[in-house]
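Notes for the one structure printed next.
Counting from 1, the numbers follow the sequence of the chain as shown. Computed from heavy atoms alone, side chains included, the values below leave out hydrogens, waters and symmetry copies.
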Amino acid sequence: MVLTVSKRVRWWRAAAAVAAGALPCLAFPAPALWWFAYVALVPWMLLLRSAPTGRRAALEGWLGGAGFIFAVHHWLLPSLHVFLFALAALLGVLWIPWALLVRELLGGTPGGGRATAALVLVPAGWLLSELARSWQGLGGPWGLLGASQWQVPPALRLASVGGVWLVGLLVVAVNCALVLLVAVPGARFQAVAGVTGCAVLTGVVWLWVPRPEVSGTLRVAVVQPGLVADGPDSPERRFDIGEQLTRTLAGQRPDLVVWGESSVGEDLTARPDLARRLAALSAQVGAPLLVNVDARAADRPGIRKSAVLVGPRGPTGDRYDKMRLVPFGEYVPARALLGWATSVGKAAEENRVPGSAQVLMDLPGRADVRLGPLVCFESAFPDMTRHLARDGAALLIDQSSTSTFQDGWAPAQHASLTALRAAETGRPMVHATLTGISEVRGPSGEPVGPALPTSASTARVYEVPLARGTTLYVRFGDWPVGAALAALAAYGAAAGGPPPPRRARRAGSI
């Protein structure tokens with residue numbers, strides 16, 4: 001009977017770990033309950049601190065991590081099918097160290113010193129998990145906890161200081177403080193001090209960190225053709241719609257027209273007729289076009305996704321080939337071993353060829369403006385926009401398409417990243433898609449004009465504010481990551497050091 005009850009408890013805890021790990025997904029778009037991020041980890045952490053053994057905490061950390069990955073990426077299920085479960089199980093392993101840290105620092109009745117250490121080390125442990133999975137081969141940094149705060153101006157100001165990493169650290173610190181407040185009565189002082197410290201830091205950054213200095217505007221048109229039914233001629237029909245919508249911009253005096261990802265389905269060298277049509281459009285609207293070519297190159301082997309700038313005389317020669325490809329969507333890692341994924345999902349039948357370097361493009365007619373292009377999920381990588389801004393980009397552009405996931409959370413999640421990348425770099429960013437959501441963000445991450453929803457097939461001109469100056473994040477980079485790793489290293493060194501000396505025996509004792 002005791003064994004049966006124990007087995008039931010174990011199964012209950014396992015199910016609770018998966019559910020608790022999935023809870024933070026509600027803070028991300030589409031639900032976008034940003035405030036929920038500050039309490040979403042509490043149930044999971046309460047479960048971990050009560051784990052009877054380290055082995056049990058490791059298991060519940062793995063299960064919770066798998067639940068989190070699956071919940072945030074559930075919209076991939078129609079494409080990856082069973083492979084999404086395998087991916088979630090693989091990435092869930094990355095939360096095991098964090099789970100052990102939670103049990104070690106928050107388990108039992110921690111004293112003041114251990115509670116204070118938890119407020120620093122538990123967020124650092126969470127960041128370590130996020131950092132590990134941010135490697136492109138493991139799917140990239142999609143769904144970082146700090147990204148749930150994309151619509152909160154004080155959080156965006158924090159991002160300008162320490163990137164999405166600093167925001168995530170503070171969100172986890174607040175969750176940790178709440179766990180102390182709820183479960184450890186003797187550590188309430190440390191809990192209140194932790195929350196107060198997070199609030200004071202946010203206030204200081206809000207009041208004292210300079211805002212980007214606006215230095216003019218740029219009229220940028222976004223062309224969103226809308227959903228086009230799949231078929232052998234869908235690239236041509238999409239091109240035709242984009243062409244028609246672009247013509248409506250004549251007389252509106254844009255400085256730049258941006259099309260979405262895969263907006264041109266043939267290489268412009270192999271199809272000079274398409275190049276001439278784009279050049280004629282550029283001449284008609286009086287602005288260059290930044291299109292995206294998804295095709296096999298005529299002069300190089302393989303298929304590439306490339307941002308190409310086209311002026312009234314044709315392609316200007318400025319071209320950026322997408323560097324960080326989507327695992328399974330654009331290439332299959334270790335295809336010889338995992339090629340079977342193409343038979344159970346919508347994995348790439350042929351690996352696309354990645355580019356080798358980021359590119360800055362000079363905007364014709366505007367000597368003060370250099371464009372920093374990205375393609376699709378590259379906007380999830382904060383280092384890419386940081387490098388573009390540091391090298392002199394005045395406008396960041398992400399050409400994207402989430403039409404495969406049109407009815408899921410993907411379009412809203414992807415668009416939300418635009419605010420973070422703009423705030424981190426102090427540079428405006430344009431997120432132009434084929435089927436929505438397209439939007440533009442100013443240099444503080446603020447919205448510029450209305451977003452184009454997934455139901456829209458239109459072209460719209462935005463007055464985009466340009467900015468001077470450099471954010472602290474662009475200047476100093478991922479310093480919160482370094483600080484978190486240093487804290488964990490110091491804790492590891494202290495925990496692994498020699499035991500403290502025994503007290504000296506009292507005189508006369510035997």
Side-chain angles (χ1 to χ4, degrees), residues 24 26-40 123 127 141 143-175 177 194-215 217 379-380 382 385-386 389 394-396 398 412-431 437-452 462-476 478-480:
L26 298 176
F28 293 88
L33 304 176
W34 64 266
W35 53 267
F36 188 64
Y38 294 92
V39 299
L127 186 144
L144 299 180
L145 191 60
S148 66
Q149 304 303 294
W150 62 277
Q151 56 184 319
V152 184
L156 292 175
R157 188 67 54 79
L158 284 170
S160 75
V161 173
V164 66
W165 312 110
L166 180 59
V167 180
L169 284 172
L170 262 67
V171 170
V172 181
V174 171
N175 277 272
V195 173
T196 303
C198 290
V200 168
L201 174 60
T202 303
V204 168
V205 169
W206 178 260
L207 292 174
W208 295 105
V209 170
R211 291 165 172 78
E213 182 182 352
V214 175
S215 60
T217 60
S379 67
T385 46
R386 175 177 171 256
L395 177 67
L396 304 170
D398 181 47
Q413 284 185 12
H414 200 177
S416 70
L417 297 174
T418 308
L420 280 162
R421 302 292 89 88
E424 288 170 342
T425 59
R427 295 293 179 265
M429 188 167 186
V430 173
H431 180 69
I437 299 170
S438 298
E439 70 173 33
V440 178
R441 292 278 170 165
S444 294
E446 76 280 12
V448 176
L452 302 182
Y462 294 85
E463 291 279 352
V464 182
L466 302 178
R468 288 194 295 262
T470 304
T471 65
L472 294 176
Y473 177 68
V474 170
R475 191 178 307 165
F476 298 110
D478 298 326
W479 64 266

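Of the possible donor and acceptor atoms, one in the side chain of R386 sits under 3.5 Å from a partner among the backbone N and O of Y473. Panel note: side chain R427, backbone P443; no donor-acceptor pair is recorded below 3.5 Å.
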- prompt: Can V430 and L395 be said to form a side chain to side chain contact (heavy atoms under 4.5 Å, CB included), step by step?
  reply: CA-CA 8 Å; V430 173; L395 177 67; 4.0 Å; yes
- request: Would you please test T202 and L170 for side chain to side chain contact (heavy atoms under 4.5 Å, CB included) and show each step?
  value: CA-CA 9 Å; T202 303; L170 262 67; 3.6 Å; yes
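Between L420 and A159, the shortest heavy-atom contact is CD2-CB, 4.3 Å. Closest heavy-atom contact between H431 and T418: CB-OG1, 3.3 Å. Residues V164 and P382 come closest through the heavy atom pair CG1-CG, 4.4 Å. Looking at every heavy atom in both residues, P465 comes nearest to V448 through CD-CG2, 3.9 Å. Of all non-hydrogen atoms in V167 and G146, the two that sit nearest each other are CG1-O, 3.6 Å. Closest heavy-atom contact between A423 and T471: O-CG2, 4.1 Å.
Every side-chain contact (heavy atoms from CB on, under 4.5 Å) that T385 has, sequence neighbours left out, goes to L374, L396, R421, E424, T425, M429. Here E446 pairs with nothing under the salt bridge (charged side-chain N to carboxylate O under 4.0 Å, His left out) rule; sequence neighbours left out. Partners of T217 under the side-chain contact (heavy atoms from CB on, under 4.5 Å) rule, at least two apart in sequence or in another chain, are E463. Every residue two or more places apart in sequence or in another chain that forms a side-chain contact (heavy atoms from CB on, under 4.5 Å) with W479 is listed here: V161, L166, F476. For V152, the side-chain contact (heavy atoms from CB on, under 4.5 Å) partners are W34, Q149, P154, A155, not counting sequence neighbours.
Taking 4.5 Å as the limit, every side-chain heavy atom of Y462 sits out of range of all side-chain heavy atoms of E439. By the 4.5 Å heavy-atom criterion applied to side chains, F36 and V39 are counted as neighbours. Considering only heavy atoms from C-beta on, P212 stays 4.5 Å or farther from R468 through its side chain. Looking at S416 and F28, their side chains never come closer than 4.5 Å, going by heavy atoms from C-beta outward.
A side-chain hydrogen bond (donor to acceptor under 3.5 Å, both in side chains) check over residues 156-165, counting only residues at least two apart or in different chains, returns the pairs W165-D478.
S379 and H414 form a side-chain donor-acceptor contact under 3.5 Å, judged by distance and modelled atom types alone.
Atoms OG and CD, on S148 and Q413 in that order, are 11.0 Å from each other to the nearest 0.5 Å. Here the straight-line distance linking atom CG of L169 with atom CG of L158 works out to 10.5 Å at 0.5 Å rounding. A distance of 9.0 Å separates OH in Y38 from SG in C198, rounded to the nearest 0.5 Å. In this structure, N175 CG and L145 CG are separated by 7.5 Å, a value rounded to the nearest 0.5 Å.
The residues E213 and R211 are annotated as not salt-bridged, no charged nitrogen and carboxylate oxygen being separated by less than 4.0 angstrom.
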